[in-house]
Protein chains: 2
Amino acid sequence: MDRQTKQRRIETYRRRCREGGLPLTEQRMAVLEAMLDLDDHPTADRVHDVVARRDSRVSRATVYRALESLARIGVITKACHPGKAVRYDSRTETHHHLVCLRCDAIIDVTDDRLDALPVPDTSSYGFVVSDLRVQLRGVCRRCRELEETS
Amino acid sequence: MDRQTKQRRIETYRRRCREGGLPLTEQRMAVLEAMLDLDDHPTADRVHDVVARRDSRVSRATVYRALESLARIGVITKACHPGKAVRYDSRTETHHHLVCLRCDAIIDVTDDRLDALPVPDTSSYGFVVSDLRVQLRGVCRRCRELEETS
DNA sequence: CGTGCGACTGAGACTTTGTCTCAGGGGTTC
DNA sequence: GAACCCCTGAGACAAAGTCTCAGTCGCACG
């Protein structure tokens with residue numbers, strides 16, 4: 001992610017904190033910066049590794065809590081996938097995912113037709129939809145090649 | 001799920017086992033039956049609770065393994081959601097999910113327009129898509145009511 | 001610039017979720 | 001019914017996530 005985008009994202013975070021009355025701490029800022037630097041879809045533990053390498057005093061619990069709170073105010077999102085660990089996503093604009101069912105890789109996809117998809121009416125469920133995501137499940141190139149050779 | 005559908009699903013399972021050369025064991029049958037009886041989207045541990053209540057000798061590891069193997073041969077599926085535990089889904093036909101970001105509830109949705117969505121071309125990623133799912137993320141009725149009163 | 005409130009943090013214990021090992025058992029095939 | 005091979009149970013282990021609580025720090029206010 002380029003420097004400017006990153007700066008803009010950090011400003012958004014500052015603003016949301018002010019609006020929400022949330023204290024803006026060094027640790028949460030470190031977690032956000034790590035997320036913006038990692039553009040795959042890291043697990044909480046991987047984010048912790050990165051943050052801890054820069055400042056070893058940041059504890060695992062804090063990273064878990066920070067990621068949750070960042071996701072709650074919408075500065076980052078949680079990616080959905082069928083693996084066991086939660087994956088976080090620094091992109092917040094609408095986009096979709098290729099999910100490899102073998103290795104749990106998540107690959108970003110943008111597709112105009114998918115983006116143009118109308119959100120169905122879910123009011124009969126009492127459900128308020130904030131976001132529509134399409135998940136394309138399958139097998140990635142590397143895993144297919146591995147299966148073929150075996 | 002009605003008795004007939006359930007019987008048909010069990011027959012499908014028997015056939016796939018024969019075709020795949022997989023032994024058809026009592027334990028896996030018990031896991032499948034539990035899945036067909038639970039029509040929410042249970043975690044592996046919840047399935048184990050149900051199976052163990054009927055036959056306390058079935059171990060946790062076996063339930064985990066059985067769910068994995070049932071998913072692998074396509075008799076059940078894994079639901080994708082942002083929570084920490086894998087959720088299994090007894091429905092295998094195309095359908096979509098409302099996912100509550102607060103309580104992790106998963107609600108089935110069918111919508112013709114969503115079903116008619118063409119699978120985008122992902123060959124440039126070397127990715128072979130087997131399944132397209134739409135996930136509508138938001139907040140369910142109960143969680144909204146809880147947040148309003150607080 | 002102090003002060004006070006309240007939310008945040010670190011450390012580690014704890015819980016939950018999932019995997020592995022290995023000896024023994026049970027399906028399937030012939 | 002015998003052989004083969006995968007499956008199973010039990011529990012140890014590993015990975016992922018939560019909780020507790022005393023102490024700290026951000027921020028609003030004066």
Side-chain angles (χ1 to χ4, degrees), chain A residues 10 13-32 34 41-52 54-73 75 78-88 101-104, chain B residues 13-32 34 41-52 54-73 75 78-88 101-104 150:
Chain A
I10 288 175
Y13 170 55
R14 284 190 211 278
R15 201 182 59 242
R16 298 239 171 117
C17 280
R18 273 197 303 277
E19 287 166 3
L22 297 171
L24 193 159
T25 67
E26 228 178 281
Q27 290 89 339
R28 278 206 276 241
M29 187 58 83
V31 169
L32 176 57
H41 305 77
T43 62
D45 261 354
R46 205 158 107 58
V47 174
H48 176 243
D49 285 347
V50 172
V51 171
R54 296 176 186 172
D55 176 357
S56 60
R57 288 166 311 172
V58 177
S59 85
R60 225 165 117 272
T62 297
V63 173
Y64 274 82
R65 285 181 292 221
L67 288 168
E68 276 299 317
S69 83
L70 290 171
R72 203 164 218 284
I73 64 176
V75 178
K78 287 186 181 186
C80 292
H81 77 125
K84 66 179 173 177
V86 173
R87 305 279 287 268
Y88 290 91
L101 294 173
R102 296 282 179 270
C103 70
D104 278 352
Chain B
Y13 170 56
R14 283 190 212 278
R15 201 182 59 241
R16 298 239 170 116
C17 281
R18 273 196 304 274
E19 287 165 4
L22 297 171
L24 192 159
T25 68
E26 229 179 280
Q27 290 88 339
R28 279 206 275 242
M29 186 58 82
V31 169
L32 175 57
H41 304 79
T43 63
D45 259 355
R46 205 158 107 60
V47 175
H48 176 243
D49 285 347
V50 171
V51 171
R54 296 176 185 173
D55 177 357
S56 59
R57 289 164 313 173
V58 177
S59 86
R60 223 161 62 81
T62 298
V63 172
Y64 274 83
R65 285 182 292 222
L67 288 168
E68 274 301 316
S69 83
L70 291 171
R72 204 162 217 283
I73 63 175
V75 178
K78 285 187 183 185
C80 291
H81 77 125
K84 67 178 173 176
V86 173
R87 305 278 287 267
Y88 290 92
L101 296 173
R102 296 285 178 268
C103 70
D104 278 351
S150 68

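Below, chains carry the letters A, B, ... as their sequence lines are ordered, and counting in each starts from 1.
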Nearest whole Å is fine: how far is [N] [atom2] from [X] [atom1]?
X: B:Glu26; N: C:dG25; atom1: CD; atom2: P; answer: 15 Å
X: B:Tyr64; N: D:dT8; atom1: OH; atom2: P; answer: 16 Å
X: A:Asp104; N: D:dA16; atom1: CG; atom2: P; answer: 11 Å
X: A:Glu68; N: D:dC19; atom1: CD; atom2: C1'; answer: 14 Å
X: B:Tyr88; N: C:dT17; atom1: OH; atom2: P; answer: 13 Å
X: B:Asp55; N: D:dT8; atom1: CG; atom2: C1'; answer: 12 Å
X: A:Tyr13; N: D:dG26; atom1: OH; atom2: P; answer: 12 Å
X: B:His48; N: C:dG18; atom1: NE2; atom2: P; answer: 13 Å

Any side-chain N or O of [X] less than 4.0 Å from the OP1 or OP2 oxygen of [N]?
X: B:Arg65; N: C:dT19; answer: no
X: A:Thr25; N: C:dT9; answer: yes
X: B:Thr62; N: D:dT8; answer: no
X: B:Gln27; N: D:dG9; answer: yes

Checklist entry - How would you label the contact of B:Ala85 with the nucleic acid (heavy atoms, under 4.0 Å): base, sugar-phosphate, or nothing? => result sugar-phosphate
Next on the checklist: Would you say that more than 12 heavy atoms from the other residues, nucleotides or ligands in this model lie under 6.0 Å from the CZ of A:Arg54, or not?
Outcome noted: yes
Item to check | Check: B:Arg14 side chain, B:Leu24 main-chain N or O, donor-acceptor pair, under 3.5 Å | outcome: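 Side chain of B:Arg14 to backbone of B:Leu24: no pair is present.
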Next on the checklist: Between B:Arg28 and B:Ser69 (side chain of the first, backbone of the second, donor and acceptor by atom type, cut-off under 3.5 Å), is there such a pair?
Outcome noted: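 Pair absent, no side-chain N/O of B:Arg28 close to backbone of B:Ser69.
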Checklist entry - For B:Arg60 and B:Asp45, what are the C-alpha separation, side-chain angles and deciding distance, and is it a side chain to side chain contact (heavy atoms under 4.5 Å, CB included)? => result CA-CA 8 Å; B:Arg60 223 161 62 81; B:Asp45 259 355; 3.2 Å; yes
Item to check | Distance-only donor-acceptor test (3.5 Å): side chain A:Arg60, base D:dG17 | outcome: yes
Next on the checklist: Looking at B:Arg18 and C:dG27, is any side-chain donor or acceptor paired with a base atom of the opposite kind under 3.5 Å?
Outcome noted: no
Checklist entry - Would you say the side chain of B:His41 lies within less than 4.5 Å of the side chain of B:Tyr88, judging by non-hydrogen atoms? => result no
Checklist outcome for this item: Taking for B:Asp45 and for B:Leu22 the nucleotide of DNA chain C with the nearest heavy atom, the one nearer the 5' end belongs to B:Asp45
Checklist entry - Between B:Lys84 and B:Val63, who's closer to the 5' end of DNA chain D by nearest nucleotide? => result B:Val63
